[in-house]
There are 2 protein chains.
Amino acid sequence: MKMSDVAKIANVSPATVSRVLSNPDLVSKKTRDKVLEVINQVNYQPHSVARQFRTRETKTILAVVPDITSAFFSEVLRGIEHVAIKEGYQVILGDTENNLERESDYVNLLLQKQVDGMVLLTARLEKERLEELSEHFPIVLACEYIDGLNVPTVSIDNISAARKATEHLIQLGHTKIAHICGPMNVILGRDRLRGFRQAMMSNDLDVDPSYIQEGDLTIESSESGYNQMMKLLALETPPTGVFVYNDEMAMGAIKAVKDSGLRVPEDVAIVGFDNLKMSTVIEPHLSSIDQPKYNIGQKAMNLLLQMINKEKINKHSFVMKDNLIIRDSCGGKSESFPHSHESFKKNISV
Amino acid sequence: MKMSDVAKIANVSPATVSRVLSNPDLVSKKTRDKVLEVINQVNYQPHSVARQFRTRETKTILAVVPDITSAFFSEVLRGIEHVAIKEGYQVILGDTENNLERESDYVNLLLQKQVDGMVLLTARLEKERLEELSEHFPIVLACEYIDGLNVPTVSIDNISAARKATEHLIQLGHTKIAHICGPMNVILGRDRLRGFRQAMMSNDLDVDPSYIQEGDLTIESSESGYNQMMKLLALETPPTGVFVYNDEMAMGAIKAVKDSGLRVPEDVAIVGFDNLKMSTVIEPHLSSIDQPKYNIGQKAMNLLLQMINKEKINKHSFVMKDNLIIRDSCGGKSESFPHSHESFKKNISV
DNA sequence: CTGAAAGCGCTTACAG
DNA sequence: CTGAAAGCGCTTACAG
């Protein structure tokens, strides 16, 4: 059943059917009703690929994620998806599994006009390539970014957030502080390490090179955190405080401390990053840097829509507010264990 | 830049360019090389919507998920995606957020020919609707299913798995056993409750109605598990063992026990379902029913591809093997805490 | 307010 | 092995 069939039955031209569907105001009420009746009767569904072909827009955007399995990204994705759906767009999901080649493949969907635009939650391609692409297609970066790249970007200030997390440990009196850092080939890893170093330096604390252990995103994160923490604990003088790249690694790190017969926070204090929901499920509850994950997704998608609609964007870098959430994994102030529904909620989804 | 432009430069017809791209054997080596050179030179990218329109296939499938945020489904999705990519298909993700209407909307993408087929990880539509749809379009069900529906389905035997989990508690000597069940409007909730009842009955144990507490998937699962466990603990005689619908709820349940000043497993033993990775991160490590999540995804996608390629499928129900993983949350046998890389791995991703 | 006609960029049966 | 031509199902400028 195609449009011309509907037209024939309704005794109008295909053009009229098309108008009823996408521009009903252009059609008289009488004709419109007649056409709609036929459409319902035969249960006509327009062939959307034909429409896409004709209108040169797919009403689909691509979200490229480094790891779909991560609770962090699913929150961001939900922000993207909600805005997309509200505006009549679909979201294709591209999971690169932290693989550069897959990232590159997904980006090519733009060139083939398969999608109207793209939100990149991973930005590991060459700067020049992205720059070139973004001159021709709507692209927004979120979470990850590229220094000096003139493409709309939504993220937090990772350096200052990392500084904050580290300073929290310093304020609690720690001096032997280590950092299980993210991979050095992703900017977030480099930024958070930078923030860590800044905090240490401005407090006149040394950073022992063996106190920096690089985590690995290509294996299960908590496993990577476990391994790196074990290395730290095996040192002659292990650290008493550790700032960990993200919450998932931090969980592994906590496990490592416990498995070694030590306690968190008494023997080793730990701060994470991202404030995942499970940070209040493990013991002790994890102190962490909160990122407005859902809002980042929303903001990024809104920007993308602006670009798709050729609206001007007068800023290209959108820095969202992060927040240090203090729980029990560093000692000091401790959160209460609320029993009521309300406070559970506050506790678990800050 | 379109195909006819490339053709002009290469001094051939558009038909020849098309053949070079999709049926190179039909073209002489000489012509082929000439055309390929031009294609590279001008960096021609075929317009894939035009191709989709012409060939009437989108090389895209839709995966409909009830909750993209859940670690369970991301594993299944990865299985789907890996197979899809290998076979040159893209995956559109539809997150229904446990909302029936959204499920229905996504399913309509089939009618609009936006996708070549669909894997449903949620099956809450009317049986008749799905039956009708599946007569016209390739559809595979995974994880959730509909009784008596003749559509290829991949899942575990939820009833027997639930029985196994419950019997584990019974064998450990528990008699006051409760079940925090899944929502009664999804089949998995009903099935697991059924398995629970079967195990109780065949062991001559009573099921106190107040020992059945229905969880809620529309709120944060661990919060729901927390709430329901609090209700159980408030009973005059609280249960000593609880089988929980899934691991996320089980985490909340464990938290509730601890927050009430009781211990797991000494005061309350808990078994979960799904064997998520975080079940070895919380304390105590959660005993749980393992589902072959990734394999379910692979199998479902393979079946879908068979249907898309009009191959015959001679069975419609594929039951995968589940497995009770015993850890520490029920007492009895306890798992060791391995330190080496290898055993961590085994421990964390059974 | 409505219709006839052109055309979006490919692919493929047909002819040679 | 190659080309000319038709056509996939819509939308939209144009004319009336």
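Everything numeric here is computed off the predicted structure, so don't read it as measured data. By convention in this document, chain letters (A, B, ...) are assigned in the order of the sequence lines, proteins followed by strands, and residues within each chain are numbered from 1.
Side chain of A:Thr31 to backbone of A:Val27: no donor-acceptor contact under 3.5 angstrom is found.
Nearest to the side-chain atoms of B:Ser22 among the listed nucleotides D:dC1, C:dT11, C:dA5 stands C:dT11. Closest contact between the side chain of A:Ala50 and the listed nucleotides D:dC1, C:dG3, D:dG9 involves D:dG9. When the nucleotides D:dT2, C:dG3, D:dC10 are ranked by their closest atom to the side chain of A:Thr16, C:dG3 comes out on top. Set against D:dA4, D:dT11, D:dT2, the side chain of A:Ser18 has D:dT11 as its closest nucleotide.
Residue pairs satisfying the salt bridge (charged side-chain N to carboxylate O under 4.0 Å, His left out) criterion with at least one member in residues 17-36 of chain A, sequence neighbours excluded, are listed as follows: A:Lys29-A:Asp33.
For the pair A:Ala63 and A:Leu77, the tightest heavy-atom approach, listed with the atom from each and the gap, is CB-CD2, 3.8 Å.
A:Gln52 places its CD atom 12 Å from the P atom of D:dC10, with the value rounded to the nearest Å.
When each of A:Asn98, A:Asn99, A:Leu100 is paired with A:Arg102, the side chain to side chain contact (heavy atoms under 4.5 Å, CB included) condition holds for A:Asn99 and for no other.
The base of D:dG9 does not come close enough to the side chain of B:Arg56 for any donor and acceptor atom to sit less than 3.5 Å apart. Side chain A:Arg19 to base C:dG3: a donor-acceptor pair is found below 3.5 Å.
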What verdict does the side-chain hydrogen bond (donor to acceptor under 3.5 Å, both in side chains) test give for A:Glu97 and B:His82, after you've listed the backbone C-alpha separation in whole Å, the side-chain angles of each residue and the deciding distance to 0.1 Å? CA-CA 11 Å; A:Glu97 300 184 41; B:His82 282 181; 2.2 Å; yes

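The strand DNA chain C forms stems, runs of 3 or more Watson-Crick or G-U wobble pairs with distances below 3.5 Å, at C:1-3 with D:14-16, C:5-12 with D:5-12, C:14-16 with D:1-3.
At a threshold of 4.0 Å, the pair B:Glu57-B:Arg51 does not count as salt-bridged, since none of the basic side-chain nitrogens sits closer than that to a carboxylate oxygen.
For D:dC8, the base is stacked against the aromatic ring of B:Phe53, per a cut-off of 5.5 Å between centres and 30° between planes.
Spacing between D:dC1 and D:dA5 at atom P, rounded to whole Å, works out to 23 Å.
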